[in-house]
*Asks:* 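Take a look at this one; I'll ask things after.
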There are 2 protein chains.
Amino acid sequence: MDNKKIEKISRALSDASRIAILQQFKKKKDCLYCAEVNDLLDLTQPSVSHHLKQLVDADLLIPEKEGRNLKYVLNPKVLDEYIACLTDLKD
Amino acid sequence: MDNKKIEKISRALSDASRIAILQQFKKKKDCLYCAEVNDLLDLTQPSVSHHLKQLVDADLLIPEKEGRNLKYVLNPKVLDEYIACLTDLKD
DNA sequence: TTCATAAATTCAAATATTTAAATGTTTCTA
DNA sequence: TAGAAACATTTAAATATTTGAATTTATGAA
């Protein structure tokens with residue numbers, strides 16, 4: 001994982017709303033629908049869409065179309081790679 | 001570690017210069033002087049000072065005064081706590 | 001086909017971040 | 001004590017991010 005990628009993931013994680021979104025996955029087991037995020041957090045729909053996009057762009061979430069709905073699943077692989085880079089920083 | 005702290009650390013890590021600074025610790029073994037950062041990276045002195053401040057504010061670096069110089073050491077404890085939070089996100 | 005719903009995009013305003021120049025503070029040394 | 005060196009702070013400009021309102025696109029249902 002190169003520095004650009006580390007930077008992008010870190011930035012994706014550097015916002016209270018996005019951290020809250022990721023934490024919802026623990027409660028909802030694996031996947032989350034766009035509309036659910038809307039209900040669970042006090043954010044407008046465009047704002048949710050914007051935050052989800054950043055998480056997807058950082059590859060932390062994988063979007064899956066389900067007809068009219070959009071389901072997101074967590075990408076543990078990228079999270080693991082990111083964690084490995086951070087671990088590596090500690091000598 | 002609360003969400004505010006996760007946000008702060010993530011933000012500290014979301015900049016190319018600051019990632020580069022942290023990576024210098026691997027080469028320099030444990031500690032780094034302010035002036036060294038200045039030489040190693042192509043940044044002005046106020047810019048280095050600003051970036052180091054953010055890393056210190058996030059507790060990723062611990063500053064230690066040595067007379068006229070300022071020595072920074074990596075704080076592996078906070079990094080570990082941060083990593084633990086990220087690991088926890090993966091269910 | 002038409003309407004309703006889910007989500008993305010566009011746009012503008014508010015706010016935050018990055019950067020360097022100028023200046024200030026602290027501490028070592030002559 | 002005076003000057004120099006190391007680092008911090010202030011300020012301003014450029015840029016990026018966040019947010020919501022309005023609009024658009026895409027899909028499912030009647």
Side-chain angles (χ1 to χ4, degrees), chain A residues 3-25 28 30-75, chain B residues 3-25 28 30-75:
Chain A
N3 283 9
K4 270 280 167 235
K5 183 84 183 180
I6 296 175
E7 190 181 340
K8 189 153 203 169
I9 293 175
S10 301
R11 186 164 296 277
L13 293 170
S14 72
D15 178 273
S17 299
R18 291 192 290 271
I19 293 169
I21 288 172
L22 289 177
Q23 285 169 342
Q24 290 298 328
F25 281 88
K28 286 290 179 175
D30 286 344
C31 79
L32 204 59
Y33 290 87
C34 199
E36 285 182 301
V37 179
N38 229 304
D39 295 340
L40 294 166
L41 307 178
D42 191 25
L43 294 168
T44 60
Q45 180 269 319
S47 197
V48 168
S49 187
H50 170 249
H51 287 307
L52 287 172
K53 186 173 172 16
Q54 304 215 188
L55 291 169
V56 170
D57 283 352
D59 292 321
L60 289 169
L61 294 183
I62 300 168
E64 290 179 12
K65 269 219 143 177
E66 273 195 358
R68 193 154 45 168
N69 301 314
L70 197 44
K71 186 176 77 175
Y72 290 92
V73 295
L74 206 64
N75 186 356
Chain B
N3 283 8
K4 270 280 167 237
K5 183 83 184 181
I6 296 175
E7 189 182 341
K8 190 154 202 166
I9 293 175
S10 299
R11 186 165 297 277
L13 294 170
S14 71
D15 177 273
S17 298
R18 291 192 291 270
I19 293 169
I21 288 172
L22 290 176
Q23 286 170 341
Q24 290 299 326
F25 282 87
K28 285 292 179 173
D30 287 342
C31 79
L32 203 60
Y33 290 88
C34 199
E36 285 181 302
V37 180
N38 228 302
D39 294 341
L40 293 166
L41 307 178
D42 192 23
L43 295 169
T44 60
Q45 180 268 319
S47 198
V48 167
S49 188
H50 169 249
H51 287 307
L52 287 172
K53 185 174 174 12
Q54 305 216 186
L55 292 169
V56 169
D57 284 351
D59 292 321
L60 289 169
L61 293 184
I62 300 167
E64 289 178 14
K65 267 218 144 176
E66 274 194 357
R68 193 157 42 169
N69 301 316
L70 195 46
K71 185 175 77 174
Y72 291 92
V73 295
L74 206 62
N75 185 358

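Chain identifiers are assigned alphabetically (A, B, ...) following the order of the sequence lines, protein sequences preceding nucleic acid strands; residue numbering begins at 1 within each chain. Heavy atoms only: backbone and side chains are in, while hydrogens, waters and symmetry mates are out.
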*Asks:* Roughly how many Å is it from CG in A/L13 to P in D/dT17, rounded to a whole number?
*Replies:*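 Atom-to-atom, A/L13 to D/dT17, this comes out as 15 Å.
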
*Asks:* Does A/P46 offer a backbone N or O that forms a donor-acceptor pair with the side chain of A/S49 under 3.5 Å?
*Replies:*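 Between the backbone of A/P46 and the side chain of A/S49 there is no qualifying donor-acceptor contact (under 3.5 Å).
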
*Asks:* Rounded to whole Å, how long is the line connecting atom NZ of A/K53 with atom P of D/dT17?
*Replies:*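 Taking NZ of A/K53 and P of D/dT17, I get 12 Å after rounding.
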
*Asks:* To the nearest Å, how far apart are B/N69 CG and D/dA4 C1'?
*Replies:*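 Distance, rounded to whole Å: 13 Å.
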
*Asks:* A/Q24 vs A/E36, test: side-chain contact (heavy atoms from CB on, under 4.5 Å). Steps then yes/no.
*Replies:* CA-CA 10 Å; A/Q24 290 298 328; A/E36 285 182 301; over 6 Å; no

*Asks:* Could you tell me how far apart A/Y33 (OH) and C/dT5 (P) are, to the nearest whole angstrom?
*Replies:*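 The answer, rounded to whole Å, is 19 Å.
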
*Asks:* For each nucleotide in nucleotides 18-30 of chain D, reading 5' to 3', give B when a protein heavy atom comes within less than 4.0 Å of its base, S when such contact involves only the sugar-phosphate, and - otherwise.
*Replies:* SBBBB---SBB--

*Asks:* Rounded to whole Å, how long is the line connecting atom CG of B/L52 with atom C1' of C/dT19?
*Replies:*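 Result: 15 Å.
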
*Asks:* Using residues 50-65 of chain B as the side-chain source, report each donor-acceptor pair under 3.5 Å to any protein atom, sequence neighbours left out, with the distance given to one decimal.
*Replies:*
from, atom 1, to, atom 2, distance (Å)
B/H50, NE2, B/Q54, OE1, 2.7
B/H51, ND1, B/R18, NH1, 2.9
B/D59, OD2, B/K5, NZ, 2.3

*Asks:* Take atom OH of A/Y72 and atom P of C/dA6, then tell me their distance rounded to the nearest Å.
*Replies:*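 It works out to 14 Å between those atoms.
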
*Asks:* How close or far is atom P of C/dA7 from atom NZ of A/K71, stated in whole angstroms?
*Replies:*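 Nearest whole value for this atom pair: 13 Å.
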
*Asks:* To the closest 0.5 Å, what do you measure between CG (A/L32) and CD1 (A/I21)?
*Replies:*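 Result: 8.0 Å between the selected atoms.
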
*Asks:* What are the two closest non-hydrogen atoms of A/S17 and A/D15, and how far apart are they?
*Replies:*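 Between these two residues, the closest heavy atoms are N-OD1, 2.9 Å.
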
*Asks:* With a cut-off of 6.0 Å (strictly less than), are more than 12 heavy atoms of other residues, nucleotides or ligands near CG of B/D42?
*Replies:*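 At most 12 heavy atoms, drawn from other residues, nucleotides or ligands, come within 6.0 Å of this atom.
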
